[in-house]
Amino acid sequence: MARKKKRGRPERQRRRRQQQRKQYEELDKYPVLPPHAFARIVRDLRTLNILYQVIEPPLTKKEQEQFEEILDIFVRSLTADIAEIDADPVAYLRAAMDQIIKSYSMRVNKKSRSKIFYYLKRDLIGYGRMDVLMNDANVEDVSLDGVGIPIFAYHRKFESVETTIAWPDDHELESYVIKLAQRCGKHISVAEPLLDATLMDGSRIVMKLGYEISTRGSTFCIRRFREDPFSPCDIIAFRTMTSLMVAYMWICFQQGISMLFVGGTASGKTTTLNAMSLFIPWQMKIVSIESTREINIPQPNWIPGLTRQGFGGESSEGEIGEFELLKAALRERPEYIIVGEIRGVEAYVLFQAMATGHCSYSTVHADSVTALVHRLENKPINIPRVLLPALEAVSIQMQTRINGRRVRRTKQTVEIVGVDPHTGEVITNEVFKWDPIRDDYDFSGKSYVLEKIMVKINMDQDEMRNELRTRKRILDWMVLNDIRKSDQVAQIITEYYVRPQAVLARVDGLQ
């Protein structure tokens with residue numbers, strides 16, 4: 001009988017695999033946390049929906065019991081120094097697991113030990129059942145819509161996909177949301193069921209607890225944060241901008257030209273701003289102000305400011321907003337000010353800072369210069385038109401589709417020349433424009449900003465043209481040689497500021 005059982009199990013597994021092959025068409029499969037966790041992207045042949053399957057090592061009944069026992073012992077006997085855990089949590093966890101197995105004389109073979117440690121690390125250090133999603137570099141957004149509903153993820157290649165991860169009951173999901181909030185250093189409760197916070201890896205999360213403000217139960221939405229942020233070379237490679245446009249941005253950022261990055265939701269405003277910030281000279285003092293952390297730049301002389309909520313209830317006591325942080329920043333003598341997004345009264349202070357000579361950058365939700373002016377001039381921002389020329393340039397981003405793929409493009413780069421004294425109209429100059437038919441960019445050949453910079457640094461027109469061409473050549477060389485990581489790009493940019501001839505010699509293949 002025992003032999004029949006042993007033969008029967010592989011047979012049942014083989015049949016199950018055959019049924020799955022008939023039901024699903026595999027589109028992609030790749031390791032996420034090898035050798036244990038993999039992602040498999042399939043198309044359901046019945047519904048034609050794309051499904052993201054999380055593949056993790058199955059635990060036998062004995063391994064599951066051992067895992068639960070080790071976890072229980074570990075939690076009950078935790079007396080470690082917090083600094084010791086923070087220094088290397090993975091090493092600490094592995095040593096603690098080995099100590100428990102030895103102390104309790106548990107019989108765990110090498111393979112089982114590896115699987116048990118994977119689940120301990122996943123649940124105690126990682127993100128639990130959605131840890132694979134949070135470690136998959138192809139996943140941009142993670143969204144859970146309620147109890148018993150699968151998580152949906154935005155995949156770079158397959159776009160919005162349903163996953164095989166869900167929470168079956170309210171209690172388990174609410175406990176998970178509360179745990180996430182605590183790991184963000186924040187509090188969420190029935191009294192305050194809505195929370196906007198930053199996760200341990202820097203990702204942005206919006207959480208809703210229970211049924212107070214969501215009829216499907218607890219929900220959360222995570223916008224993933226890249227540890228290695230996109231560089232200007234990535235922006236060129238994605239064709240969000242051409243190398244000539246980025247060379248123009250390079251000169252503008254180096255010479256302190258105030259600029260706004262404008263566009264709709266998920267049009268790449270903050271990503272582009274973050275990438276272009278690499279052009280800020282290394283030693284300059286930078287102050288960034290955000291409600292949730294998204295700016296990530298390598299410059300050492302950088303103060304990353306973050307707003308703070310009030311101390312509870314409807315009281316605003318203890319609340320520190322962008323307005324207060326921006327006023328404080330002006331007293332710190334920054335050479336560059338970066339505001340994550342302007343929405344209200346902080347915009348007035350930002351424009352005052354621009355008018356008094358502080359180079360400032362920010363993002364705004366709008367889809368054209370006209371829409372931007374309307375937003376800035378009306379409530380709640382209320383910028384007087386006479387202050388608008390303090391803003392020197394605007395980059396308008398958009399999200400579109402080309403050959404069925406979602407892409408981001410810079411629709412226009414526009415300079416704010418001034419305000420007509422007779423009509424009061426804002427005078428603009430379009431430097432670059434995207435042509436959707438050719439999926440290419442046109443350069444007008446005229447730039448008032450570059451002319452202003454020429455006067456500032458005592459350069460004639462031919463010298464400025466040569467400088468623009470030189471920087472374009474360096475950027476093309478970096479893209480061609482796959483020099484895309486932000487730290488590598490930042491190093492070459494800094495070297496160019498100090499020893500331009502040495503960089504050009506490398507570009508020309510002389511070194």
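Since the structure is predicted, the reported quantities are computational estimates derived from the model, not experimental observations.
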List the atom pairs, donor and acceptor, that lie under 3.5 Å between side-chain atoms in residues 372-393 and the rest of the protein, sequence neighbours left out.
residue : atom : partner : partner atom : Å
Arg375  : NH1  : His365  : O            : 3.1
Glu377  : OE1  : Arg385  : NH2          : 2.9
Glu377  : OE2  : Arg385  : NE           : 2.5
Glu377  : OE2  : Arg385  : NH2          : 3.3
Asn378  : ND2  : His374  : O            : 2.7
Asn382  : OD1  : Lys379  : N            : 3.3
Arg385  : NH1  : Gly424  : O            : 2.6
Glu392  : OE1  : Ser258  : N            : 3.0
Glu392  : OE2  : Lys452  : NZ           : 2.2

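Residues passing the side-chain hydrogen bond (donor to acceptor under 3.5 Å, both in side chains) test with Ser203, sequence neighbours excluded: Asp201. Partners of Phe351 by ring-ring contact (aromatic ring centres under 6.0 Å, His included), not counting sequence neighbours: none found. For the side-chain hydrogen bond (donor to acceptor under 3.5 Å, both in side chains) test, no residue two or more places apart in sequence or in another chain qualifies with Ser267. Scored by the side-chain contact (heavy atoms from CB on, under 4.5 Å) test, Asp476 finds Ser243, Lys472 as partners (sequence neighbours excluded). Partners of Arg438 under the salt bridge (Lys or Arg N to Asp or Glu O under 4.0 Å) rule, at least two apart in sequence or in another chain, are Asp435, Asp440, Asp442. For Glu294, the salt bridge (Lys or Arg N to Asp or Glu O under 4.0 Å) criterion is met by Arg204, not counting sequence neighbours. Take Tyr52 and apply the ring-ring contact (aromatic ring centres under 6.0 Å, His included) test, not counting sequence neighbours, and it matches no residue. Scanning for ring-ring contact (aromatic ring centres under 6.0 Å, His included) contacts around His358 gives an empty result, with sequence neighbours left out.
For the salt bridge (Lys or Arg N to Asp or Glu O under 4.0 Å) condition, no pair includes a residue of residues 415-425, sequence neighbours left out. For residues 150-160, every residue pair satisfying the side chain to side chain donor-acceptor pair (under 3.5 Å) rule, not counting sequence neighbours, is listed here: Tyr30-His155, Glu140-Arg156, Tyr154-Arg406, Glu159-Arg401. Screening residues 178-187 for side chain to side chain donor-acceptor pair (under 3.5 Å) gives His187-Ser189 as the qualifying pairs, with residues at least two apart or on separate chains.
Aromatic ring centres of Trp250 and Tyr496: separated by under 6.0 Å. Taking the centre of each ring, Tyr441 and Phe432 stay at or above the 6.0 Å mark. Checked against a 6.0 Å centroid threshold, the rings of Trp167 and Tyr176 count as neighbours.
Ring-plane geometry between Phe261 and Phe253 is classed as tilted, the angle between the planes lying from 30 to 60 degrees on a 0 to 90 degree scale.
Counting non-hydrogen atoms of neighbouring residues, nucleotides and ligands closer than 6.0 angstrom, the NZ atom of Lys285 exceeds 12 such neighbours.
Residues Ile338 and Ile295 share a closest heavy-atom pair of CG2-CD1, 4.0 Å.
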